[in-house]
Structure formats: structure tokens, C-alpha cells
Amino acid sequence: MAFLAWQESLRLLKQGTNEIIGEEDLVEKLKRADSGGPPLRVKLGLDPTAPDIHIGHTVPLRKMREFQDLGHEAYLIIGDFTGRIGDPSQKSETRKQLTTEEVMQNARTYQEQFRKILDPEKTHLVFNSDWFSKWTPEEFLTLASKYTVARMLERDDFEQRYREGKPISILEFFYPLLQGYDSIAIKADVELGGTDQKFNLLVGRQLQKEYGQNPQALIMTPLLEGTDGVQKMSKSLNNYIGINETPGEIYGKTMSISDDLLKSYITLTTDLRGQKLDQYLADLENNKIPPLEAKKFLARRLVEMYHDQEAALKAEQEFTKVFSRGNLPEDIPEKEIDGEWLNENGEIRLVHLLSHLEMVNSNSEGRRLVKQGGVYIDEERVEDPNQAIKPQAGMIVRVGKRKFSRLK
RNA sequence: GGAGGGAUGCCCGAGUGGCCAAAGGGAGCAGACUGUAAAUCUGCCGGCGCACGCCUACGAAGGUUCAAAUCCUUCUCCCUCCA
């Protein structure tokens, strides 16, 4: 395909980014591609431990897609080599060691999910064990010799931990080096990553120079806040919206984000680009578009992107029905009541009903919820946790706003 | 090898013999309100056949004490400094 004029490409690529390092290099590379050179090789490193992609991951992936749409090639690097070793420090997010099978399994699920975002024709999935597992100790030492401790300590995170007397393992020093070497292995022209990857990306750039390659340009995308609006989106914090989730989940979780998050979500996670995006943000700013409407738009868009339009409409209708109007949802999971749980009168105490239906995690929790007025049977609030209930087919038990069960 | 410091509930972080199931914040949950699962406000936020009863709990195992997250011993892991 024909490349866009490089100026135009550059403008597009810069949108929604946080920082670009080596912009001159990027311009050079774009120009070269523009005048008939080979497409750029754009690198993105992936964590081999997280098989579920959430919309936070999609931020750099979407940027990658833009590159692809401009005719360039994506190189996704799975850091399986480092993943197999495991990271001994960073207690906060203890990385566990992965077996080869696990890595392969994760890679497969990745690939399925990528199809929703990237152009498979222009996507190369690469494992860094391909080269590192063949390395001799000497080669590792050579790599290590290219960098100094002082430069390593330039990284905020290291510097801070060093100052505070927190542990930094030598292995952690190797991570940026190895990740940086990946750029050399695939001859990357550009590397994408979140702002938290800045240091690692820079190491890649510097190492490329050491090894006599053209340094890659770095494009850093902002980190997406999680649905809690406090921490960055991550699976372990359970504040994420996964692209494999059901339309209802995606829609609902989106509606639950704080209004303050709207702008960043719209710019970073939707395919609204260029002038349209600028216009939309402006309208949002001066209240031409009320936040509620914007959030519905966002929620609909996200469902459309990862499912389809029909699903989006349905999700919206469901949402309005259940949460705005307080009606019962379309699909209520059916649950069976085991006869053993009932007493001789065919009754069961409310708290036990709730825990048997797995609608609460413990009897105590059930008790609390009932006392707080969060439990309803056939849409009628029940107030006594010990109340005897005679289960009947079709009876609807509701806990809070979101949990429903229909008895068989 | 030596000296010192630390490990607390989902996370951060107080607490140095009883008033501690453990302050405070965050997250989460419920309710009210709002035609948002937003914001705000209120409450909850170990378990148990549960209105002040019992059990489990402050890195692990023992011990002292009427009484321990808090004192002692050993152990595990971590950090700092000296060498």
C-alpha cells in the first residue's frame, strides 16, 4: 500500500502519545519508507504472564495498529526467556516462573485476542527465547559490559529503591538489558510502550547504538487508569475491563468509571481519531455533550469494538432497563435448590439460601447485606436474615443491584 | 564474618502488655440520592446455626504472664552499615 506523506503520518502517530524520544529519527525513518523504503519494524514487548488483554493493554496496541494501517510491520515480542527465569524481587508483584507450556498457551490466547486489534497480515509474534536460549555465558557478559550501574540507577524506580534501602536484584538489572537487546535482535525502528517503560525503551535505543544499529525511536503512550480511577489498570487489582468480557460486563464496567476518566478513556481506548477526537473532547469540555451521554457513547463503542453493534445496542438496553429503571435483567442465571438444604417444612433460612446460591461469600456477609437492606425476594426487600423461606420455582433472589438468581 | 533494623488484615500504614478483630487512608460492598455501576452522603468491610458467645488472626514455632500484635527464645525471609 502507498504510504501517507510522512508529515501526515507523523501527526497521526503523535496523537494520544505521552512522549516521543528520537523524533528526528522517526521522521528520518518515515521519510525513508515514504520514498519507497521498506516498512518500519515496530516493536512492542509483551508480558508473558498476562493472558487476558484488557483495554489498558490496547493503548499501545492501538498505536501499533495505526502503524500497520500506515503500512508498517508489527513485531510483538513475548518475553518468555525472562519470564521463565522469574523475577525474585519486586515482592509487590511477584512474578512467578512460567513453564514452556504455559508460555505457549498464553501466546495462543494472545494471538486470538490480537485479531480484534491488529492486522494479522502485518503482525509477527516473536519469542525472545529464540535467541537468548542459545546464548553462551560470554554473550551475556558482553551485554552486561555495555552498561554501568550508574546508568542503571538513573531509572527512577531503581534510584528510589536504592535510596530507601529496598532490594534490587542483579537480575533486575538484566531485564532492561535483555529487553533492550530484543530491539537489536529484530532491528527495531520504533518501540512502543507505556510511560512506565521509558527506561527500558531507552536502554534498547542506547544498546542499538553500541551494537552499531540505527537507534529506534520511542513512542510512549499514557497509562490508562483502572476503573477505580486510582491505580493503573491491571488484572491483579481487579480494576480492568477485559476485551474478552461479555458485552454486559464491558458496558457496565465502563458506566462505572468516574466521569473524570472519560477524556482519557475516549482518547486512549476508542478509534476516534484526528479532528473528530479533538472536536469530541472540546464538546465534552464545554458541556455540549453531557458526561452521561459521553459515557454511554464510550461504553457502546467499546462493546462494538470487541463484539459488534448489535451487542452494543443490546447491552445498552439491558443497562437502562436494569440500572436506570430497576427492572429485572433479561438473563438471570437459574439455580437449583438441593432438597437437603431444606428442613422438614421445606423451608430454608434466608442467609443459608444466599450462601447456597453462591450469591454471598459467607453467612456473615449475607447477614450484613440483609441488614443493610440489600436483599430482595421477588423484588421485595427482606429484612430478617433468619427468615424462613419456602423456595418456589421461578422465585427471584436479588442481592444488591447486580446479582440475580432464579430458582428452578 | 560482625553490628543494627524490619516482617501487621485485599493494598498502604498506625499500634510496643490489657480499652485490639487491631487507628487512618485506598480499594471493595450495601443504602440514599442522581433517569450513569459517575459525583456526593451514610453504613459495612475475619468466620461460625451470631444482640455483648465461641473460633481463627498481626512472618513461623515455642515460652513468660491472670492477660501478648506488643516481652523472651529459636527459626525463616528481607534490608542497612562495616569487612
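Letters go in sequence order (proteins before strands), and every chain restarts at 1.
The nearest whole Å value for the distance from the CG atom in A/N239 to the C1' atom in B/rC11 is 12 Å. Atom C1' of nucleotide B/rA37 and atom NZ of A/K253 are separated by 11 Å, given to the nearest angstrom. We find that CG of A/D259 is positioned 14 Å from P of B/rG35, with the value rounded to whole Å. The CD-C1' distance, from A/Q317 to B/rU36, rounds to 17 Å in whole Å. A/R368 has its CZ atom 11 Å from the P atom of B/rC44, to the nearest Å. Taking atom CD on A/E365 and atom C1' on B/rC44, their separation rounds to 10 Å, with Å as the unit. Spacing between atom OH of A/Y251 and atom C1' of B/rU36 amounts to 9 Å, rounded to whole angstrom units. Spacing between atom CD of A/E316 and atom P of B/rG35 amounts to 17 Å, rounded to whole angstrom units.
Rounding to the nearest 0.5 Å gives a distance of 7.5 Å between CZ of A/R205 and CD1 of A/I21.
Nearest to the side chain of A/M255, among B/rG28, B/rU36, B/rC50, sits B/rU36. Relative to the side chain of A/N363, the nucleotides B/rC48, B/rU36, B/rA27 differ in distance, and B/rC48 lies closest. Minimum atom distance to the side chain of A/H352 is reached by B/rG49, of the listed B/rA37, B/rU36, B/rG49. Side-chain proximity of A/R325 to B/rG47, B/rA37, B/rG35: nearest is B/rG35. Minimum atom distance to the side chain of A/D228 is reached by B/rG28, of the listed B/rA39, B/rG28, B/rU36. When each of B/rA39, B/rA27, B/rG35 is scored by its nearest atom to the side-chain atoms of A/L292, the top-ranked nucleotide is B/rG35.
A donor-acceptor distance shorter than 3.5 angstrom exists from the side chain of A/N343 to the backbone of A/G346, with no hydrogens or angles considered. In this structure a side-chain-to-backbone donor-acceptor pair under 3.5 Å is present from A/Q208 to A/A188. Although no hydrogens or angles enter the test, the distance criterion places no donor-acceptor pair under 3.5 Å between the side chain of A/E210 and the main chain of A/Q206.
B/rU65 and B/rC12 have their C1' atoms separated by 34 Å, with the value rounded to a whole Å. Straight-line distance between the C1' atoms of B/rU16 and B/rC11: roughly 24 Å, to the nearest whole Å. Look at the P atom in both B/rA69 and B/rA22: the space between them is 12 Å, to the nearest Å. For the C1' atoms, the distance from B/rC81 to B/rG63 is 32 Å, rounded to whole Å. Nucleotides B/rC29 and B/rA37 are separated by 12 Å at their C1' atoms, to the nearest Å. For the P atoms, the distance linking B/rC82 with B/rG13 amounts to 26 Å, nearest Å. With P as the reference atom, B/rC44 and B/rU76 are 43 Å apart, rounded to whole Å. The same atom, P, is picked in B/rA83 and in B/rA14; the two are 32 Å apart, to the nearest Å.
The side-chain hydrogen bond (donor to acceptor under 3.5 Å, both in side chains) with A/R301 is formed by just one residue from the set A/T269, A/D271, A/T254, A/T270; it is A/D271.
Between A/Y181 and A/W135, the gap from one ring centroid to the other is short of 6.0 Å.
Between A/V370 and A/Q387, the closest side-chain pair of non-hydrogen atoms is not below 4.5 Å. With contacts defined as side-chain heavy-atom distances shorter than 4.5 Å, the pair A/L328/A/K321 does not qualify.
A donor N or O paired with an acceptor N or O is found under 3.5 Å between the base of B/rC50 and the side-chain atoms of A/R367.
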Tabulated below should be each protein N or O lying under 3.5 Å from an N or O of nucleotides 30-32 of chain B; please produce it.
residue: B/rA30; atom: O2'; partner: A/Q372; partner atom: O; Å: 3.3
residue: B/rG31; atom: OP1; partner: A/Y376; partner atom: OH; Å: 3.2
residue: B/rG31; atom: O3'; partner: A/R381; partner atom: NH2; Å: 3.3

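Counted within 6.0 Å of CD on A/E379, heavy atoms from surrounding residues, nucleotides or ligands total more than 12; the atom is thus considered enclosed. Around NZ of A/K146, the count of heavy atoms belonging to other residues, nucleotides or ligands within 6.0 Å exceeds 12.
A/S364 comes within 4.0 angstrom of a base, heavy atoms only. If you check every strand for non-hydrogen atoms under 4.0 Å, A/L262 touches nothing.
Taking for each of A/E249 and A/S362 the nucleotide of RNA chain B with the nearest heavy atom, the 5'-most of the two is the partner of A/E249.
Ring-plane geometry between A/W341 and A/H356 is classed as parallel, the angle between the planes falling under 30 degrees on a 0 to 90 degree scale with a further cut at 60.
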request  = Quick one: the dot-bracket string of RNA chain B, using Watson-Crick and G-U wobble pairs with both distances under 3.5 Å, [ ] for crossing pairs and | for bases paired to another strand.
outcome  = ((((((((.[[[..)..(.....]]].(((((.......))))).(((....)))...[[[[[..)....]]]]]))))))).
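When the side-chain nitrogen and oxygen atoms of A/S256 are compared with OP1 and OP2 of B/rA38, none of them lie within a distance under 4.0 Å.
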